[in-house]
Amino acid sequence: QQMAKAEPVDLSGYERIQQHLVRPPYAPEHDQIAKGAPKIVEIELTVDERLMVVDEDTGASIWAMTYNGSVPGPLIIVHQGDYVELTLRSHTRNVLEHNIDFHASTGALGGGALTHIYPGEETVLRWKATKAGCFTYHCAPGGAMIPYHVCHGMNGAVMVLPRDGLKDRDRNALPYDKIAYIGEQDYYLPMDENGTYRTYRDAGEDYADSLAAMRTLTPTHVVFNGAVGALTGNRAITAEVGQTLLMIHNQCNRDSRPHLIGGHGAYVWESSFSDPPLTEMETWFVRGGSAVAAMYTFEQPGVYAYVNHNLIEGALLGATAHFNVGGEWNNALMEQVVAPRTMET
Amino acid sequence: QQMAKAEPVDLSGYERIQQHLVRPPYAPEHDQIAKGAPKIVEIELTVDERLMVVDEDTGASIWAMTYNGSVPGPLIIVHQGDYVELTLRSHTRNVLEHNIDFHASTGALGGGALTHIYPGEETVLRWKATKAGCFTYHCAPGGAMIPYHVCHGMNGAVMVLPRDGLKDRDRNALPYDKIAYIGEQDYYLPMDENGTYRTYRDAGEDYADSLAAMRTLTPTHVVFNGAVGALTGNRAITAEVGQTLLMIHNQCNRDSRPHLIGGHGAYVWESSFSDPPLTEMETWFVRGGSAVAAMYTFEQPGVYAYVNHNLIEGALLGATAHFNVGGEWNNALMEQVVAPRTMET
Amino acid sequence: QQMAKAEPVDLSGYERIQQHLVRPPYAPEHDQIAKGAPKIVEIELTVDERLMVVDEDTGASIWAMTYNGSVPGPLIIVHQGDYVELTLRSHTRNVLEHNIDFHASTGALGGGALTHIYPGEETVLRWKATKAGCFTYHCAPGGAMIPYHVCHGMNGAVMVLPRDGLKDRDRNALPYDKIAYIGEQDYYLPMDENGTYRTYRDAGEDYADSLAAMRTLTPTHVVFNGAVGALTGNRAITAEVGQTLLMIHNQCNRDSRPHLIGGHGAYVWESSFSDPPLTEMETWFVRGGSAVAAMYTFEQPGVYAYVNHNLIEGALLGATAHFNVGGEWNNALMEQVVAPRTMET
Ligand SMILES: [Cu+2]
Ligand SMILES: [Cu+2]
Ligand SMILES: [Cu+2]
Ligand SMILES: [Cu+2]
Ligand SMILES: [Cu+2]
Ligand SMILES: [Cu+2]
Ligand SMILES: [Mg+2]
Ligand SMILES: [Mg+2]
Ligand SMILES: [Mg+2]
Ligand SMILES: [Mg+2]
Ligand SMILES: [Mg+2]
Ligand SMILES: [Mg+2]
Ligand SMILES: [Mg+2]
Ligand SMILES: [Mg+2]
Ligand SMILES: [Mg+2]
């Protein structure tokens with residue numbers, strides 16, 4: 001329609017680079033402060049429908065709909081003014097139609113209108129990152145298929161950094177040492193009459209059951225990075241006292257409220273990088289359908305639990321990650337003056 | 001009590017004007033920058049209990065409790081320092097007691113304590129708009145009747161503009177071309193044992209059933225402007241590339257998280273117009289019991305979906321509106337480089 | 001581990017004071033502007049498992065898990081830079097293990113890792129209040145026990161004031177006359193097949209039933225200060241026109257949205273005292289797992305209802321408090337021009 005008559009755009013002056021996307025909770029290689037002029041950043045995402053175990057204890061599983069095989073999809077990082085040029089493919093073995101809607105982009109339903117592909121197809125979309133912030137992306141094939149795909153894990157995040165990096169309210173630089181990229185996923189897994197999670201042979205077979213479960217608005221699981229325990233125990237994220245961690249939390253559907261037990265959100269960008277960060281928060285907020293960034297510099301060693309602080313969701317439904325932090329204990333911040341002992345009565 | 005002895009107030013110097021209220025999603029005629037001194041703005045609201053279809057597909061219906069016949073009630077617009085002088089009437093054919101609580105006002109339960117009327121009655125209330133922002137108003141007859149009336153649609157919004165109009169963080173003017181006034185309504189419609197929505201003969205007859213449904217805290221419908229599809233298809237809101245839209249979202253009971261698919265909240269006032277707006281948001285937040293304003297200037301033509309980005313609520317329960325935007329496509333913002341095609345394997 | 005080798009800390013120069021904690025909704029004696037150098041503030045909390053009636057109408061009850069016998073636990077107030085030195089004890093008659101996690105502190109899971117005590121035990125923990133704001137504290141014994149204890153009332157708040165007191169965005173002083181400390185508690189009380197609330201003989205006996213109820217994410221009760229009606233009627237909070245009230249709202253688990261019917265949140269600190277307060281809010285937000293402060297100066301006399309503005313939660317599930325405000329009515333703010341009367345038809 002309008003697009004057919006649109007002016008061509010000359011991007012011949014733009015340098016092209018490729019960004020190699022990696023599995024969550026890791027971040028792709030990137031500069032915090034942009035080098036040189038805006039670029040065209042080429043990325044590839046492949047749609048992969050795959051059976052995933054959500055909770056090993058109960059055997060609950062889902063035919064996850066993924067970008068590049070993980071829930072969440074990989075983190076993409078560019079700078080404001082860059083172009084993202086995405087090649088989107090769908091494995092021939094898939095069964096459903098998919099697309100992608102980037103909250104960071106402008107027009108055509110975030111690209112969703114231009115990227116509908118069937119198994120065995122590919123498409124290329126280019127969009128300009130005009131706004132700085134963390135933004136969710138997700139599949140949005142239309143109608144009930146939108147929440148169906150999103151609630152099957154088909155979402156991830158783009159971080160669009162300001163060209164000169166992150167800043168506090170007074171425009172002081174806020175560099176980070178490390179990124180922890182956490183995708184919170186609400187699942188609505190159908191059960192049979194006995195309360196046993198159903199299993200299905202194929203993506204799409206759970207459609208009617210899933211929609212019924214979703215209408216309760218009550219998830220059976222709320223997990224980080226696809227499954228209960230995906231980021232705990234020996235899969236915990238590691239850091240050191242003195243290191244600054246940037247926690248990127250993606251929740252594509254349902255509100256969340258991350259909290260770092262034993263730490264804080266020293267700087268939190270709930271809206272975008274265009275606004276001054278909120279500071280020293282105990283618990284911050286992820287409006288359902290958002291990605292947010294929170295920054296913290298560790299001051300004490302030990303295990304930190306990063307949770308959705310609806311503690312039912314955090315402890316019963318699965319929304320807990322662990323950060324193992326090395327370093328020296330500082331009694332000036334906290335000291336066990338008297339260890340637990342029998343009361344003198 | 002205290003009111004009987006209160007000093008009379010002399011408003012003889014105030015000019016009186018009448019504001020003709022219109023049906024949502026439209027806004028009454030108004031100046032963005034106030035002309036002259038504060039005024040007394042006279043408005044009229046008539047309580048109207050009426051049977052409304054909530055979803056044509058299922059035939060789900062409700063005895064809506066309305067101000068002026070619509071869900072939400074009409075948008076009222078004044079400037080800070082103005083008085084609102086409301087004549088509130090209730091049709092003789094109504095069956096319930098009603099009143100009105102303006103979040104924008106001060107004292108007497110927002111006017112709720114002074115406006116209880118029965119069918120066939122009228123009352124006049126005057127209050128000063130001392131605070132600038134978007135504010136919800138709603139019926140609040142007391143106790144369980146409060147959520148019962150609010151969840152039957154009895155709520156709307158007042159926008160109190162700063163006298164010199166809207167501003168960004170640096171006090172630059174932010175004029176708008178158009179208002180889209182969207183009331184999000186959570187309904188809790190009782191079903192029979194077969195899952196069929198019940199029908200009732202009169203407002204009030206569903207009281208016990210409704211309260212039981214409300215206690216689940218799980219709405220059966222979350223809709224914009226009263227019914228599924230009230231703002232989609234040929235009832236979509238229209239705009240043009242280059243036009244600035246002010247989206248006013250009223251949610252009187254339950255949290256919401258509006259998102260404009262393909263666009264952004266360039267400026268968002270979640271709190272009041274006294275605070276700098278948040279900027280470049282992907283998804284913004286409506287604290288349940290609030291009205292908020294978000295501003296966006298369209299950069300691309302096409303259909304935009306405006307949704308509650310809990311996508312189950314947006315796509316399954318009804319919270320979707322459409323904006324049809326005319327103009328020329330800009331390949332510099334987004335381009336379909338390769339249309340979907342079979343992969344070369 | 002690391003703690004054994006940690007450097008000792010010399011606090012010999014710090015003055016020690018004792019803070020006598022009082023029952024909610026009251027605040028302990030304190031200075032708004034700190035006098036002199038940072039201090040060590042000694043406090044005592046005793047764990048008390050006790051059977052409490054949640055709703056007199058239905059007889060619904062819970063084996064509440066409390067600090068000092070109340071839900072919420074007492075409000076603690078210190079200044080930024082002070083140390084809190086807590087002696088935590090557990091009554092010999094208790095049956096469960098407990099501990100305490102202070103969101104305001106740094107390290108060791110907020111102190112949770114250092115304070116596990118069994119009935120008849122005590123421990124002493126000292127931590128530095130490095131961040132200014134209102135912060136929740138709660139029991140966090142680990143795993144499913146965390147939401148189980150928190151949803152049985154085991155939480156409260158610390159307010160860490162800036163040394164020079166509260167300020168607006170332009171750094172003008174914002175003193176208050178009075179504090180109302182409100183703990184919102186979501187309960188998930190198990191019912192039998194007939195819908196009657198179950199009773200139990202001991203704390204802990206409801207564990208399996210409670211966990212099943214909690215997994216619904218749908219509370220049976222949402223109350224202020226432990227029980228339906230704890231802050232209404234003759235237990236209402238009192239104030240006078242011209243007085244400034246600081247409302248501290250603690251919600252340790254679930255999001256909330258406080259609203260003062262007939263008033264406003266003139267200044268609201270949703271994040272911390274390090275950020276400029278939001279202003280003139282109709283309804284503010286408590287991220288689940290947070291305590292927030294909102295300030296209001298009364299302009300009209302009368303009864304104000306302070307509610308969670310999900311009105312189902314406010315009016316049906318219990319989340320309502322009353323403030324009775326004395327003084328003279330001001331017709332310049334609001335006037336009943338025509339009292340309800342029969343319409344002239
Ligand atoms: Cu998909
Ligand atoms: Cu989206
Ligand atoms: Cu009413
Ligand atoms: Cu209200
Ligand atoms: Cu405990
Ligand atoms: Cu906590
Ligand atoms: Mg498990
Ligand atoms: Mg298609
Ligand atoms: Mg974001
Ligand atoms: Mg339908
Ligand atoms: Mg009455
Ligand atoms: Mg508002
Ligand atoms: Mg009762
Ligand atoms: Mg232990
Ligand atoms: Mg707080």
Side-chain angles (χ1 to χ4, degrees), chain B residues 2-3 5-9 85 87 89 92 101 103-118 120-128 130-133 135-136 140 143-144 146-147 150-151 211 214-218 252-255 271-272 274-275 285 287-291, chain C residues 169 216-220 222 255-259 261-266 268 270 276-285 298-305 307-317 325-345:
Chain B
Q2 317 108 321
M3 261 174 237
K5 325 177 257 184
E7 297 284 322
V9 56
E85 191 172 291
T87 299
R89 298 188 176 91
T92 308
D101 162 5
H103 282 198
S105 76
T106 303
L109 301 172
L114 303 177
T115 52
H116 285 265
I117 56 172
Y118 291 91
E121 290 189 338
E122 66 182 0
T123 186
V124 180
L125 179 79
R126 186 177 55 229
W127 54 271
K128 191 170 186 175
T130 60
K131 292 170 175 59
F135 297 92
T136 200
I146 302 175
V150 166
C151 294
L211 258 55
M214 286 156 61
R215 278 181 177 278
T216 66
L217 295 171
T218 308
C252 195
N253 189 58
R254 206 165 160 272
D255 300 332
S271 53
S272 72
S274 308
D275 291 322
F285 194 58
R287 291 143 181 81
S290 296
Chain C
R169 181 179 290 270
T216 66
L217 296 172
T218 308
T220 53
V222 179
D255 300 333
S256 187
R257 53 213 66 66
H259 170 83
I261 306 182
H264 296 89
V268 179
E270 287 190 357
L278 296 171
T279 63
E280 311 208 329
M281 295 185 85
E282 53 182 328
T283 302
W284 46 106
F285 194 58
F298 290 102
E299 301 184 68
Q300 295 280 36
V303 178
Y304 289 75
V307 299
N308 171 335
H309 205 294
N310 180 311
L311 295 164
I312 302 172
E313 301 180 21
L316 296 187
L317 302 193
V325 178
E328 296 195 12
W329 183 261
N330 180 359
N331 277 322
L333 283 175
M334 179 180 283
E335 185 169 354
Q336 190 185 47
V337 181
V338 176
R341 65 180 179 197
T342 302
M343 279 193 282
E344 300 148 34
T345 42

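In the text below, chain A, chain B and the rest are named by the order of the sequence lines, each starting its count at 1.
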A.B. asks: Among C:Gln336, C:Met334, C:Gln300, which residue has the highest count of heavy-atom pairs closer than 4.5 Å to chain B?
C.D. replies: C:Met334

A.B. asks: Taking atom CD of C:Glu328 and atom CE of B:Met3, what is their separation to the nearest 0.5 Å?
C.D. replies: 13.0 Å

A.B. asks: Using 0.5 Å steps for rounding, measure from the OG1 atom of C:Thr283 to the CZ atom of B:Phe135.
C.D. replies: 9.5 Å

A.B. asks: Out of B:Ser105, B:Ala6, B:Gly288, which one racks up the most heavy-atom pairs below 4.5 Å with chain C?
C.D. replies: B:Gly288

A.B. asks: When heavy-atom pairs shorter than 4.5 Å are enumerated against chain B, which of C:Met281, C:Arg169, C:Arg341 gives the highest number?
C.D. replies: C:Arg341

A.B. asks: To the nearest 0.5 Å, tell me how far B:Ser290 OG sits from C:Arg257 CZ.
C.D. replies: 9.5 Å

A.B. asks: Do you know which of C:Ala332, C:Gly302, C:Ala315 has the most heavy-atom pairs with chain B at a distance under 4.5 angstrom?
C.D. replies: C:Ala332

A.B. asks: Nearest 0.5 Å, please: how far is CG in C:Asn331 from CZ in B:Arg126?
C.D. replies: 7.5 Å

A.B. asks: Against chain C, label B:Cys151 side chain, backbone, both or neither, depending on which of its atoms sit under 4.5 Å from a heavy atom there.
C.D. replies: side chain

A.B. asks: Tell me the closest heavy-atom pair linking C:Phe285 and B:Asp255, and the distance in Å.
C.D. replies: CE1-OD2, 3.8 Å

A.B. asks: Using heavy-atom distances under 4.5 Å, tell me whether B:Asp101 contacts chain C through its side chain, its backbone, both, or neither.
C.D. replies: side chain

A.B. asks: What heavy-atom pair brings C:Leu316 and B:Pro147 nearest, and what distance separates the two atoms?
C.D. replies: CG-CG, 4.1 Å

A.B. asks: Pick one of side chain, backbone, both or neither for B:Ala132, based on which atoms fall under 4.5 Å of a heavy atom in chain C.
C.D. replies: backbone

A.B. asks: Measuring heavy-atom distances to chain B, does C:Val325 have an atom under 4.5 Å in its side chain, in its backbone, in both, or in neither?
C.D. replies: backbone

A.B. asks: In terms of heavy-atom pairs under 4.5 Å with chain C, which of B:Gly143, B:Ala108, B:Gly133 leads?
C.D. replies: B:Ala108

A.B. asks: Given a strict heavy-atom distance threshold of 4.5 Å, which part of B:Thr216 is in contact with chain C: side chain, backbone, both, or neither?
C.D. replies: backbone

A.B. asks: Taking side chain as everything from C-beta outward and backbone as N, CA, C, O, which of these in C:Pro277 sits under 4.5 Å from a heavy atom of chain B? Side chain, backbone, both or neither.
C.D. replies: backbone

A.B. asks: With under 30° as parallel and over 60° as perpendicular, where do the rings of C:His259 and B:His103 fit, or are they tilted in between?
C.D. replies: parallel

A.B. asks: Which residue is it: B:Ser274, B:Ser271, B:Ser272? I am looking for the one with a side chain to side chain donor-acceptor pair (under 3.5 Å) to C:Glu280.
C.D. replies: B:Ser274

A.B. asks: Mark yes or no for whether B:Asn253, through its side chain, and C:Leu311, through its backbone, hold a donor-acceptor pair below 3.5 Å.
C.D. replies: yes

A.B. asks: Closest approach of B:Thr92 and C:Met343, non-hydrogen atoms and distance?
C.D. replies: OG1-CE, 4.3 Å

A.B. asks: Determine, step by step, whether B:Thr106 and C:His264 satisfy the side chain to side chain contact (heavy atoms under 4.5 Å, CB included) criterion, reporting the C-alpha distance in whole Å, the side-chain angles of both residues, the deciding distance to 0.1 Å, and the verdict.
C.D. replies: CA-CA 8 Å; B:Thr106 303; C:His264 296 89; 3.9 Å; yes

A.B. asks: Out of B:Cys252, B:Gly110, B:Gly107, which one racks up the most heavy-atom pairs below 4.5 Å with chain C?
C.D. replies: B:Gly107

A.B. asks: Indicate the atoms forming the closest heavy-atom contact of B:Thr123 with C:Ala339, along with that distance.
C.D. replies: OG1-C, 3.7 Å

A.B. asks: Check the pair B:Leu217 / C:Asn310 against side chain to side chain contact (heavy atoms under 4.5 Å, CB included), numbers first and verdict last.
C.D. replies: CA-CA 9 Å; B:Leu217 295 171; C:Asn310 180 311; 4.2 Å; yes

A.B. asks: Strictly distance-based, threshold 3.5 Å: is any side-chain N or O of B:Asp275 a donor or acceptor partner for the main-chain N or O of C:Leu278?
C.D. replies: no

A.B. asks: Please give me the minimum heavy-atom distance between B:Gly289 and C:His309, naming the atom from each residue.
C.D. replies: CA-ND1, 3.2 Å

A.B. asks: Show your working on side chain to side chain contact (heavy atoms under 4.5 Å, CB included) between B:Arg215 and C:Leu317 and close with a plain yes or no.
C.D. replies: CA-CA 8 Å; B:Arg215 278 181 177 278; C:Leu317 302 193; 3.5 Å; yes

A.B. asks: Which pair of heavy atoms, one from B:Leu109 and one from C:Val303, lies closest together, and at what distance?
C.D. replies: CD2-O, 3.3 Å

A.B. asks: Is it the case that the side chain of C:Glu335 and the backbone of B:Val9 share a donor-acceptor pair, with hydrogens and angles ignored and the cut-off at 3.5 Å?
C.D. replies: no

A.B. asks: Between B:Glu121, B:Lys128, B:Arg287, which residue shows the highest count of heavy-atom pairs closer than 4.5 Å to chain C?
C.D. replies: B:Arg287

A.B. asks: Given a strict heavy-atom distance threshold of 4.5 Å, which part of B:Ala140 is in contact with chain C: side chain, backbone, both, or neither?
C.D. replies: neither

